[in-house]
Structures are given as C-alpha cells and as structure tokens.
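Notes follow the structure.
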Amino acid sequence: MLAYRHLFHAGNFADVFKHALLTRLLILLARKDKPFCYLDTHAGVGLYDLLHPWARKLAEYEDGIARLWKLGDIPELLLPYVEAVRAENPNRSLRFYPGSPRIARRFLRPGDRMVLSELNKDDCAALAGLFEGDRPVVVQHIDGYQALKAFLPPKERRGLVFVDSSFDRSGEFARLTEALVSAHRRFATGVYALWYPLIEPAAMHGFERAILASGIRKVLQLELAVLPEGWTMSLRGCGLLVVNPPFGFEAEARPLLNWLGPVLFEMGESSAGAPLGGGVRIRWLVPE
C-alpha cells in the first residue's frame with residue numbers, strides 16, 4: 001500500500017481532482033436554504049507549505065496545482081476551487097496549498113457547521129490552531145471511522161461526509177466499505193464522497209463488488225488516471241465515489257473532469273520523468 005505523509009503529496013493531481021469535485025458538492029448543497037454539516041474524517045493539518053523540504057522532495061504539486069496556477073483561462077466550474085487556492089497565496093506566488101478543511105470552510109454559510117477529525121496528535125493540534133476561535137468549526141482528535149459513528153446523523157439532517165483515507169494500511173478498501181455501510185444505516189440521506197487510489201485491478205474489482213453487494217443506491221463513480229494502466233512506480237490515478245450526489249453534480253462533473261484531465265495527463269513526461277497518459281471515467285456504479 002501507499003507510504004503516506006500528506007505534505008509529501010500536497011497539491012498533487014489527486015488533490016486537484018478531489019478538491020475540485022468537493023468544491024462543486026459544497027456549492028450545490030448550499031443552494032438549498034436549509035443548513036448542512038460538513039464532516040471530514042481524515043482532515044490533516046488543513047494548510048500545507050509547498051516550500052517545506054518534504055513537499056519539495058517529490059514536488060508532486062508541479063504536476064498538480066502548479067499546472068492550473070500557470071493557466072490564465074480557467075473554466076467557470078473550476079474557478080471556485082482555484083480561487084480557494086489563490087486566497088491562500090495573496091501575492092500570486094504559489095506557496096501554500098489548502099487542504100479539504102480550509103477549502104470547505106470557504107463555502108459554509110451562516111448556520112452551516114463543520115466537524116473535522118484527525119487521529120495524528122500533532123496534526124490535530126495544528127488543525128485546531130488553524131481554526132482557533134472559528135465557532136462553526138469543531139476539531140476532534142479521533143479516528144476518522146469512529147467519527148462517522150460519533151457524529152452521524154448530524155442535527156441539521158443534511159450533510160456532506162468526506163472520507164479521504166491515506167490508504168497506508170492493508171485492508172483499507174474493506175474498512176472503507178464497512179464504514180460507508182455503517183454510516184449509511186445511520187444517515188441514509190447524507191451525501192458521501194469517498195476518495196480512493198487506483199491500484200491493481202483485482203483490488204479495484206473487489207471494492208466495486210463490495211459496494212454493489214452493500215445495497216446502497218445512487219453511487220456515482222468518478223476516476224482520473226494520469227499514468228498508463230499497469231504503472232506501479234507511483235500513484236497512477238484515483239477515484240471518488242459519491243453517494244447521493246446533489247442534483248446537477250453529474251452534469252457539472254463531466255465537463256469539469258473532461259477539461260481537467262488533459263491538463264493533468266498531457267503527453268510527455270512528468271517532472272519526475274514518468275511517462276504520462278491516462279483518462280477520465282464517470283459512471284453510475286449503482287443507479288438510483
């Protein structure tokens with residue numbers, strides 16, 4: 001499985017993919033007047049310094065957010081996400097990359113609420129410091145999967161649950177599936193967004209079969225690969241399962257990813273010298 005410390009990977013293609021889609025989910029949820037709760041199970045530190053030696057060691061952001069940063073013509077659907085990154089870099093020089101909590105906070109309205117869970121003690125302290133005094137934000141030092149049991153269903157009865165596990169342990173697909181099934185029993189009407197890496201085909205097929213067998217309906221699958229199938233030297237792609245996507249999300253996600261994909265997997269070589277080439281897949285894994 002993946003050896004993981006997010007600062008090594010901050011702002012990479014996977015962050016761009018999942019955070020761009022997360023932004024659209026939050027915007028669509030906010031179109032209804034009723035408040036909602038955003039629950040982030042693996043929140044991290046919330047803000048990443050791309051000049052830190054860990055970030056610069058792999059420089060994965062060069063093949064992620066840095067590619068968008070250099071473009072002048074950004075599609076309207078992607079602008080809210082790009083503006084969230086720009087807000088952390090007011091001098092227009094790319095240095096800081098916001099994690100999902102920092103991005104999500106921009107789209108909360110008065111009356112909305114955010115619950116952030118982080119198991120790493122030091123990261124949780126940094127996250128709490130980032131949101132100190134911000135009353136709609138609750139930071140909890142707790143395992144992300146336990147947070148699903150502790151905070152669902154939310155009192156608002158509307159919510160988005162973002163599960164972004166690092167996949168640094170074996171058996172994570174099974175844990176992710178079990179956690180989704182348990183959470184869905186408690187909060188069946190919630191919107192769930194589950195990130196996952198693209199790894200060997202057998203594991204991916206097993207994950208899909210487990211979701212199909214769960215009985216959960218309305219599961220939209222979105223995937224982005226930036227490296228050829230069979231590439232094993234690094235993460236070749238990733239996906240997002242969205243359960244109960246808000247109305248209009250699929251219609252937004254298709255053009256967004258169809259534009260974003262070629263930007264991230266343009267032909268040639270990455271800054272690390274890896275051959276590029278990939279694609280986008282969007283389908284209903286389980287229809288309504």
Side-chain angles (χ1 to χ4, degrees), residues 4-12 14-15 18-19 22-23 25-26 29-30 35-55 61 65 80-81 83-90 94-156 158-169 172 175-176 179 183 186-187 190-195:
Y4 197 85
R5 187 70 175 170
H6 194 66
L7 188 50
F8 286 105
H9 313 287
N12 68 358
D15 271 358
K18 64 192 172 190
H19 292 154
L22 175 64
T23 297
L25 288 170
L26 289 161
L29 275 174
F36 67 86
C37 176
Y38 169 75
L39 171 59
D40 196 323
T41 62
H42 299 74
V45 301
L47 189 65
Y48 301 90
D49 185 353
L50 300 180
L51 295 185
H52 190 284
W54 288 5
Y61 60 87
I65 187 58
Y81 161 67
E83 289 297 335
V85 181
R86 287 174 179 166
E88 306 295 346
N89 300 277
L94 179 61
R95 175 173 178 175
F96 295 103
Y97 185 81
S100 50
R102 192 78 163 183
I103 291 173
R105 183 64 183 92
R106 287 177 57 85
F107 301 98
L108 296 189
R109 308 156 301 171
D112 295 334
R113 190 167 56 97
M114 184 160 71
V115 179
L116 308 174
S117 67
E118 174 54 48
L119 184 59
N120 182 285
K121 185 176 180 181
D122 292 338
D123 288 357
C124 187
L127 185 66
L130 189 65
F131 289 101
E132 185 175 4
D134 195 345
R135 295 188 64 184
V137 182
V138 175
V139 178
Q140 295 286 331
H141 181 219
I142 186 176
D143 174 77
Y145 294 136
Q146 290 299 317
L148 295 174
K149 299 177 181 179
F151 299 110
L152 295 181
K155 62 183 180 182
E156 295 86 355
R158 296 182 69 226
L160 169 59
V161 179
F162 185 51
V163 184
D164 184 16
S165 171
S166 60
F167 278 81
D168 57 354
R169 303 175 294 174
E172 195 65 18
R175 273 187 289 271
L176 182 61
R186 299 170 62 85
F187 184 38
V191 179
Y192 296 85
L194 286 66
W195 181 88

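Between the CD atom of Q140 and the OG atom of S117 there is a distance of 8.5 Å, given to the nearest 0.5 Å. Atom NE2 of H6 is separated from atom CG of D164 by 7.0 Å, given to the nearest 0.5 angstrom. Here C37 contributes atom SG and R158 contributes atom CZ; the two are 11.5 Å apart, rounded to the nearest 0.5 Å.
Between the side chain of R186 and the main chain of L152, a donor-acceptor pair closer than 3.5 Å is present. Using a distance-only test at 3.5 Å, with no hydrogens or angles considered, a donor-acceptor pair links the side chain of N89 to the main chain of F96.
A30 is linked by a side-chain contact (heavy atoms from CB on, under 4.5 Å) to F36, R109, counting only residues two or more places apart in sequence or in another chain. Scanning for side-chain hydrogen bond (donor to acceptor under 3.5 Å, both in side chains) contacts around D134 gives R105, with sequence neighbours left out. In terms of the side-chain contact (heavy atoms from CB on, under 4.5 Å) criterion, residue partners of A84 (sequence neighbours excluded) are, by chain and number, I103, R106. For P35, the side-chain contact (heavy atoms from CB on, under 4.5 Å) partners at least two apart in sequence or on another chain are D112, E156.
Side-chain contact between L39 and L148: present, with at least one pair of heavy atoms (C-beta onward) separated by less than 4.5 Å. For the pair L176 and F167, the minimum side-chain heavy-atom distance is below 4.5 Å. Under the 4.5 Å side-chain criterion, counting only non-hydrogen atoms from C-beta, Y38 is in contact with L22.
Closest non-hydrogen pair, A55 versus Y61, comes out as O-CE2, 3.7 Å. Annotation for T23 and P80: closest pair CG2-CB, 3.7 Å, computed over non-hydrogen atoms. Smallest separation of non-hydrogen atoms from D15 and G11: OD2-N, 2.8 Å. Residues L127 and A43 share a closest heavy-atom pair of CD2-CB, 3.6 Å. Between L119 and D143, the closest heavy-atom pair is CD1-N, 3.8 Å. Counting all heavy atoms, side chain and backbone alike, V163 lies closest to T41 at CA-OG1, 3.3 Å.
Sorted by first then second residue, the salt bridge (charged side-chain N to carboxylate O under 4.0 Å, His left out) pairs that include residues 36-49, not counting sequence neighbours, are D49-R95. Screening residues 144-153 for side chain to side chain donor-acceptor pair (under 3.5 Å) gives Y145-E172 as the qualifying pairs, with residues at least two apart or on separate chains.
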Before giving the answer on side-chain contact (heavy atoms from CB on, under 4.5 Å), spell out for E118 and L116 the whole-Å C-alpha distance, their side-chain angles and the decisive distance to 0.1 Å. CA-CA 7 Å; E118 174 54 48; L116 308 174; over 6 Å; no
Might you work through the side-chain contact (heavy atoms from CB on, under 4.5 Å) test for L50 and L94, ending with a clear yes or no? CA-CA 8 Å; L50 300 180; L94 179 61; 3.9 Å; yes
Please step through side-chain contact (heavy atoms from CB on, under 4.5 Å) for the pair W195 and H42, ending with a clear verdict. CA-CA 11 Å; W195 181 88; H42 299 74; over 6 Å; no
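Ring-plane geometry between H19 and Y97 is classed as parallel, the angle between the planes falling under 30 degrees on a 0 to 90 degree scale with a further cut at 60. Classification of the H52-W54 ring pair by plane angle, with boundaries at 30° and 60°, yields perpendicular.
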